[in-house]
Amino acid sequence: MASQPENRLKDSVSPYLRSAAHQPIDWHEWGDAAFARAKSENKPVLLDIGAVWCHWCHVIDRESYENTEIAKIINEHFVAVKVDRDERPEVDARYQSAISALSGQGGWPLTGFLLPDGKPFYGGTYFPPDDQGGRPGFRRILLAVADSYRHKRPDLERAANSLADAVAQAEMFNGAKGKFDLGVVDAQIQSITKLFDIRNGGFGQSPKFPHASAMELLLERYQETKEKHLLAMAETTLERMARGGVYDQLGGGFHRYSVDERWLVPHFEKMSYDNSELLKNYLHGWQVTHNPFLRETAEGIIAWVNDVLSDQRSGGVYASQDADYCLADDGDYFTWTLEEVREVLLPAEARIIELYYDVEARGEMHHNPAKNVLWVARDPAAIAQTLGSDETDVRLTIVRAKGKMLAGRLRRTTPYIDTTMYVAWNAMFVSAYLEAARILGGSIGERCREFALKTMDRMLQEAWSEDKCFAHRIGGPRLEGSLDDQVFGVIALLDAYEATLNLRYFRASQRTLDYILEYYADAEGGGFFDRPTNAPPLAGLDVRRKPFQDSPTPAANSAAIIALVRMHAFTGDKRYYKFAEKTLEAFAGIAPQYGLFAATYGLAALLFARHPIQVVITGRADDSVARSLEAAANGVYRLGKSVLRFTPTGNDGASLENLPAALKETLPHLQADRALAVVCEGQSCLPPTDDPAQLTAMLENGAAGAAAK
């Protein structure tokens with residue numbers, strides 16, 4: 001049998017699209033050419049949206065899109081368009097909203113049927129190739145849709161137009177405006193508390209996703225109120241997640257979500273955007289609790305990113321790691337049979353690991369019952385008591401055995417790593433790594449700082465321009481940036497400025513924020529659209545969209561408020577503060593209803609209400625008092641806090657002149673060679689101190705906020 005010639009996806013930049021180049025379907029990438037063809041041939045569009053890391057996307061590829069009979073139906077009756085949701089998030093967001101409204105289902109693969117102008121009239125997610133379990137098969141659906149298009153076109157057009165109007169209304173958040181009230185945070189905390197799983201940690205039932213912004217909101221609120229139940233919810237969730245199978249116990253890093261409520265069995269793909277935000281959670285959890293397990297987990301995420309998900313030489317974080325290495329696999333790379341454990345360990349080591357990770361002859365994986373997901377079932381102390389051993393010996397054995405198991409796992413076929421670098425996700429990791437540098441310190445902190453700045457420099461060199469600011473992708477043909485790319489880029493640049501006092505980062509940050517205000521802002525209604533106002537039309541579902549829900553990355557509108565408030569603190573330019581307020585008001589009417597799913601809005605509201613805390617520390621680079629002050633400032637978690645370290649001019653090139661004008665005006669006259677710390681909030685500063693304990697108390701007790709009021 002002759003091999004199938006490659007289709008037009010063979011030249012795509014996206015690895016997901018290239019993976020379909022051998023399929024017998026006449027695929028198009030998203031673009032005008034596909035819709036022009038659909039109109040000229042009077043055919044509906046079959047839209048497939050997926051991702052290279054998506055298991056069920058590969059299943060529908062194998063079962064249906066590689067099936068020559070099904071391919072013949074598609075080629076005869078449809079114009080087929082395949083979209084990588086990571087590459088084109090703006091396309092995915094709109095069709096997810098539409099198809100979810102139609103079918104009640106969202107996710108990937110997303111299968112949509114569109115009119116030639118791009119308006120959807122039917123769809124769903126995964127369809128089996130043939131009728132199964134009472135569900136119609138893909139073959140039957142394709143023929144039925146084609147028949148309806150030929151004979152019921154007016155009905156489909158009415159339905160599609162009505163759906164497009166409904167999506168436009170929903171995505172614009174018309175009627176969502178209200179007077180900003182900080183009470184929204186109380187409503188969100190109540191929502192989070194009601195959904196909290198007191199037994200297993202996390203929120204809601206299965207499937208269970210991390211909610212990183214909710215963790216940040218709990219920790220920040222606890223720092224303000226000292227309500228112990230808030231800290232208990234955060235710490236319990238962070239501990240249970242890190243002990244579960246959703247955390248890679250050998251390699252570090254978190255899988256995307258857990259299929260059960262106990263965090264045991266995950267969907268095994270690992271996403272950049274999950275791990276950057278969870279890294280911040282564990283760093284901040286460590287700051288607040290001093291629980292060494294949380295710090296250890298943060299360091300595990302960093303180790304995995306450094307080893308697997310990054311270009312350490314040139315900078316940059318890759319997009320994702322697949323769950324599987326082949327279609328017959330379902331997490332086999334990450335899971336273990338009892339025999340596999342005993343093959344790589346000595347008998348005494350294996351016995352301890354079997355107790356520690358609950359490895360038995362029958363594991364948790366349905367497709368292969370012998371496979372065990374590794375999760376921490378017993379503490380070393382309990383194992384030592386069971387075996388009559390010394391706890392220290394058990395701990396040392398676990399460390400040694402984990403090293404052997406990881407080495408054994410590395411000999412397996414490794415799931416695919418998508419080395420595409422997306423700007424928003426890289427920016428989120430720049431911020432997370434700079435946070436790690438400040439909080440962890442030492443050699444690991446220095447390595448994090450170096451890599452974050454290297455990544456930031458690469459982003460500026462390969463994905464930023466003065467006229468259009470950030471693109472969506474680092475390297476390759478330019479793909480225009482989204483609101484996420486611009487906003488998280490601004491925040492990362494501000495973080496880089498705070499770490500270095502290099503005004504190049506500050507100026508690029510301000511230029512990008514000004515660009516956002518010019519091209520993404522809804523000047524009349526407040527808030528920001530996800531695409532610039534001068535962007536070309538987006539086929540038939542060209543709705544104006546204001547991203548507000550955390551899903552799961554922090555919502556770009558809420559992150560934009562944080563960026564505006566931080567920029568105002570540095571510049572004193574009231575237009576930033578005023579548009580932050582206008583954006584808060586744009587969603588104030590519906591924010592309480594979103595609860596847990598708009599936690600970033602709650603964070604933005606808190607920061608807006610109290611203003612960012614800025615700590616300026618002076619003194620020579622080798623001054624022990626200055627170092628102690630810096631450690632104290634970095635040791636306290638407060639949302640939006642910046643620590644600016646100045647040494648005498650000529651040492652590292654940073655002087656007090658590097659401060660933006662608005663901040664300089666609020667500070668007393670300082671000498672860069674004297675070790676002092678000054679805490680400012682808004683336009684008020686507390687008296688300087690050279691006492692690290694007093695500095696800690698100022699930050700923990702909100703003394704700066706009290707002074708400002």
Side-chain angles (χ1 to χ4, degrees), residues 182 185 189 215-232 234-235 280-292 294-295 434-442 445 498-499 565-566 569 603 606-620 623-647 656 659 663 666-672 674-709:
L182 197 56
V185 179
I189 292 294
M215 292 291 98
E216 296 292 287
L217 186 58
L218 287 172
L219 291 170
E220 173 63 20
R221 186 71 162 189
Y222 169 75
Q223 291 291 75
E224 286 191 333
T225 67
K226 304 303 181 192
E227 295 173 89
K228 291 183 178 179
H229 74 282
L230 302 178
L231 182 59
E235 188 171 15
K280 295 172 192 172
N281 283 171
Y282 282 90
L283 290 168
H284 297 153
W286 153 251
Q287 282 181 298
V288 175
T289 66
H290 302 293
N291 180 341
L294 304 187
R295 176 179 176 134
L434 289 174
E435 192 78 337
R438 288 186 287 268
I439 293 168
L440 300 179
E498 291 173 4
V565 173
R566 288 180 62 184
L603 292 167
L606 288 173
L607 189 62
F608 176 84
R610 68 156 169 76
H611 305 293
I613 296 171
Q614 296 170 315
V615 186
V616 176
I617 297 172
T618 57
R620 298 186 309 275
D623 189 306
S624 61
V625 175
R627 286 181 175 177
S628 296
L629 289 169
E630 187 176 7
N634 287 328
V636 177
Y637 171 60
R638 292 311 302 267
L639 170 70
K641 179 198 68 185
S642 58
V643 179
L644 307 174
R645 176 71 170 95
F646 291 90
T647 57
L656 291 171
L659 276 175
L663 184 58
T666 67
L667 293 172
H669 295 291
L670 293 175
Q671 294 178 337
R674 184 183 175 194
L676 287 172
V678 179
V679 179
C680 299
E681 189 172 332
Q683 298 300 305
S684 299
C685 298
L686 291 172
T689 182
D690 60 4
D691 182 354
Q694 186 179 25
L695 176 58
T696 297
M698 289 177 180
L699 297 174
E700 286 187 342
N701 299 329
K709 295 169 186 174

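Residue numbers run from 1 in the order of the sequence given.
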Going by atom type alone, with no hydrogens or angles, which donor-acceptor pairs under 3.5 Å involve a side-chain atom of residues 686-693 and a protein atom two or more places apart or on another chain?
from : atom 1 : to   : atom 2 : distance (Å)
T689 : OG1    : D691 : N      : 3.0
T689 : OG1    : Q694 : OE1    : 2.6
D691 : OD1    : A693 : N      : 3.0

Q) Going from OH on Y222 to NZ on K228, what distance comes out if it is rounded to the nearest 0.5 angstrom? A) 7.5 Å
Q.
Can you give me the closest heavy-atom contact between G682 and H611, atom names plus distance?
A. N-CB, 3.7 Å
Q) If you look at every heavy atom in T696 and A632, which pair is closest and at what distance? A) OG1-CB, 3.5 Å
(Q) Strictly by salt bridge (charged side-chain N to carboxylate O under 4.0 Å, His left out), give each pair with a member in residues 625-634 just once, sequence neighbours left out. (A) E630-R645
Q.
With rounding to the nearest 0.5 angstrom, report the OG1 to NE2 distance, T289 to H284.
A. 12.5 Å
**Q.** Stepwise side-chain contact (heavy atoms from CB on, under 4.5 Å) test for V679 and L695
**A.** CA-CA 8 Å; V679 179; L695 176 58; 3.4 Å; yes
Q. Are the side chain of Q287 and the backbone of N634 linked by a donor-acceptor contact shorter than 3.5 Å?
A. yes
Q) Rounded to the nearest 0.5 Å, how far apart are CG of L294 and CG of L283? A) 10.0 Å
(Q) Holding to side-chain hydrogen bond (donor to acceptor under 3.5 Å, both in side chains), I want the full list of residues that pass it with E498, two or more places apart in sequence or in another chain. (A) R566
Q) Quick one: salt bridge (Lys or Arg N to Asp or Glu O under 4.0 Å) partners of E220, sequence neighbours excluded? A) R610, R638
Q. Would the number of heavy atoms belonging to other residues, nucleotides or ligands and lying under 6.0 Å from CZ of R674 be above 12?
A. no
Q.
Any heavy-atom pair between the side chains of Q223 and V288 that's under 4.5 Å?
A. yes
Q.
Run L231 and L218 through side-chain contact (heavy atoms from CB on, under 4.5 Å) and show every step you take.
A. CA-CA 7 Å; L231 182 59; L218 287 172; over 6 Å; no
Q | Side-chain heavy-atom pair E216, N281 within 4.5 angstrom cut-off | A | yes
Q. Between G285 and L219, which heavy-atom pair has the shortest distance, and what is it?
A. N-CD1, 3.9 Å
Q | Partners passing side chain to side chain contact (heavy atoms under 4.5 Å, CB included) against T225 (at least two apart in sequence or in another chain) | A | R221, E227, L230
Q | K641 (side chain) donor-acceptor with V636 (main chain) under 3.5 angstrom | A | yes
Q) If you measure from CD1 on I617 to CG on D623, what distance do you get to the nearest 0.5 Å? A) 11.0 Å
Q: Could you go through the side-chain hydrogen bond (donor to acceptor under 3.5 Å, both in side chains) check for E700 and Y637 one step at a time?
A: CA-CA 8 Å; E700 286 187 342; Y637 171 60; over 6 Å; no
(Q) Return the OH to CG distance between Y282 and N291, rounded to the nearest 0.5 Å. (A) 10.0 Å
Q | Side-chain heavy atoms of V678 within contact of V615, under 4.5 Å | A | no
Q) Between L607 and P612, is any pair of side-chain heavy atoms under 4.5 Å apart? A) yes
Q) F608: what forms a ring-ring contact (aromatic ring centres under 6.0 Å, His included) with it, not counting sequence neighbours? A) F180, Y577
Q: Calculate, to the nearest 0.5 Å, the distance between atoms CG and CD belonging to L606 and E224 respectively.
A: 5.0 Å
